[in-house]
Amino acid sequence: MKTTVFFGALTAAGLAAGMVSAATLDDVKARGSLNCGVTTGLVGFAAPDANGVWTGFDVGVCRAVAAAIFGDPTAVEFIPTTGQTRFTALASGEIDMLARNTTWTFSRDVDLKFEFVGINYYDGQGFMVPKELGVTSAKDLDGATVCIQTGTTTELNLADFFRTNNIEYKPAPIETNAEAQQKYLSGACDVYTTDASGLAATRATFEAPGDHVLLPEIISKEPLGPLVRHGDSEWGDVVRWTLNALITAEELGVTSTNVKELGAAATDNPEVNRLLGTEGELGAMLGLDADWAMNAILAGGNYGELFEKNIGENTPIGLARGLNAKWTEGGLIYSPPFR
C-alpha cells in the first residue's frame, strides 16, 4: 500500500539506508534467521494465528526466502511494521527485507534508496462503504468522512480523486488496519479506502461481510512487492530470484507436492532442471545450495498455490487472479527465464 508524502523524511531514510553495509546474506547466515518486515496484521497477507504463527501471502514470500537460504521456512523472525515505521526499519537494518503490501514508486526506489525486487500483487486503491448508505459510486461520497492510513500514497490518491471530481471529504487519519477497522465499524468514518486487496481482506473478518460493499472505482496503480536496501545487489538477487522461482514454478507445473520427485533426477525439461538444481550452477551463483529453489517451493508452494491458499476465490477474502494470473492466461505475472 502506498507512499510517504514528506520528502524530508524520505531523504533522511534514504541517507540511513546508505549507511547500512552490504553483505546482508552473510549477516543473515551468521544470525541463523531472516528478519522480515510485515504488516501489523492483514488477514490473508500477513497476520498471526491463534497460536501466534504468522501466515499469509506476504508471509509466504518471507518463508520462501528463509527456506532458500537455510532449507528451513521457519528460520525467519517477523517484524510488524506500520505505514510510518516500515521504511525506517528497512533503512536502519532492523529488517533484511520488507514484504508488506508496499507499492513500488519512483520516490521509494530513488529517493529512499530501496530496491524493489519484483511485483507479487498488482493492485489499485478502492473504497469500502456500508451497504446501508446506498452508495454505488465513489463519486457519490461528497462530504464523507474517510478513514485513511497515514504515511501512504492513499492520502495523495484520495486528494487527487476528490479534487478531480470537485467533491469534498473529511479525512480520519489512522495508523494501522486494525485501527481503521475499529473506526469504520463504529461509524467514526463513512468510508475506508486502501488497496482493494486490503479492503477485501478486512471485510472478510467482519461478522457480516455482506453488509459492506466495495465500490467499483479503482483510482490508482498499486504494484505491490518485496523490497530491500540499495547497495547490496547480491542480497537483492537472492530475494528477487526466490520470488521468480515461485512464479516460474507455477508456470512449469512444479508444485509443493511434486517438487521433490521432479528434483530427484533430471527431467526432460531443461528449465525445470535448472530451477531445481539438477542441471547448471544457479544456486552457487546466488551463494546458496543447489536445492535452494526446491526448498523455497516446498515452504508454501508455488506462486499460484500461495495465492489460492491465502487470498484466492475459495478463501473468505475471495480474490480472483485477474491481473495476477499467469501471463499465459492473460495476466501480468511473469518471470525472466532461469538460464
Side-chain angles (χ1 to χ4, degrees), residues 1-3 5 39-47 56-57 82-84 100-103 121-222 224 310-324:
M1 176 190 331
K2 330 309 183 189
T3 256
V5 295
T39 182
T40 53
L42 183 63
V43 172
F45 285 88
F57 186 63
T82 69
Q84 295 278 33
R100 188 200 175 280
N101 50 315
T102 296
T103 303
Y121 194 94
Y122 289 88
D123 210 346
Q125 184 175 332
F127 300 87
M128 179 168 63
V129 298
K131 183 180 292 185
E132 64 182 15
L133 284 184
V135 174
T136 59
S137 169
K139 296 177 182 179
D140 299 330
L141 295 174
D142 192 20
T145 299
V146 183
C147 274
I148 182 170
Q149 290 193 40
T150 55
T152 67
T153 54
T154 308
E155 296 170 292
L156 293 176
N157 295 337
L158 185 67
D160 288 348
F161 177 80
F162 275 79
R163 183 171 61 248
T164 299
N165 289 282
N166 198 30
I167 53 179
E168 302 290 334
Y169 70 99
K170 300 173 185 176
I174 48 92
E175 180 75 9
T176 66
N177 186 67
E179 182 185 356
Q181 180 174 321
Q182 185 275 326
K183 283 195 172 185
Y184 173 79
L185 290 175
S186 70
C189 55
D190 307 304
V191 187
Y192 181 28
T193 184
T194 187
D195 297 341
S197 64
L199 295 176
T202 299
R203 182 174 64 171
T205 67
F206 293 171
E207 289 186 9
D211 291 347
H212 306 268
V213 297
L214 303 186
L215 298 180
E217 287 85 359
I218 298 294
I219 66 169
S220 68
K221 293 184 295 183
E222 306 293 338
L224 312 178
N310 292 291
I311 58 177
E313 291 183 290
N314 294 321
T315 70
I317 296 169
L319 294 173
R321 288 291 291 266
L323 294 177
N324 298 292

Is there a donor-acceptor pair closer than 3.5 Å between any side-chain N or O of Lys131 and the backbone N or O of Gly210? yes
Aromatic ring proximity, centroids under 6.0 angstrom, Tyr184 and His212: yes
Any donor-acceptor N/O pair, Asp190 side chain to Ala144 backbone, under 3.5 Å: no
Taking the side chain from Gln125 and the backbone from Ile219, do they hold a donor-acceptor pair closer than 3.5 Å? no
Closest heavy-atom pair and its distance - Ile174, Ala180: CD1-CB, 3.6 Å
Which heavy atom of Gly56 sits nearest to which heavy atom of Asn310, and what is that distance? CA-OD1, 3.3 Å
Identify the two heavy atoms, one from Ala172 and one from Thr145, that lie closest to each other, and give their separation to 0.1 Å. CB-CG2, 3.9 Å
Closest heavy-atom pair, Asn165 versus Lys139, reported as atoms and distance to 0.1 Å, is OD1-CE, 3.4 Å
Of all heavy-atom pairs linking Leu323 and Tyr122, the shortest is CB-CB, 4.0 Å
Compare every heavy atom of Gln181 with every heavy atom of Thr205, then report the nearest pair and how far apart it is. OG1-OE1, 3.3 Å
Under a 4.5 Å cut-off applied to non-hydrogen side-chain atoms, are Leu215 and Met128 in contact? no
Could you label the plane-to-plane angle of the Phe162 and Tyr169 rings as parallel, tilted or perpendicular, counting under 30° as parallel and over 60° as perpendicular? tilted
Under 30°, 30 to 60°, or over 60°: which ring-plane class applies to Phe161 and Phe127, parallel, tilted or perpendicular? tilted
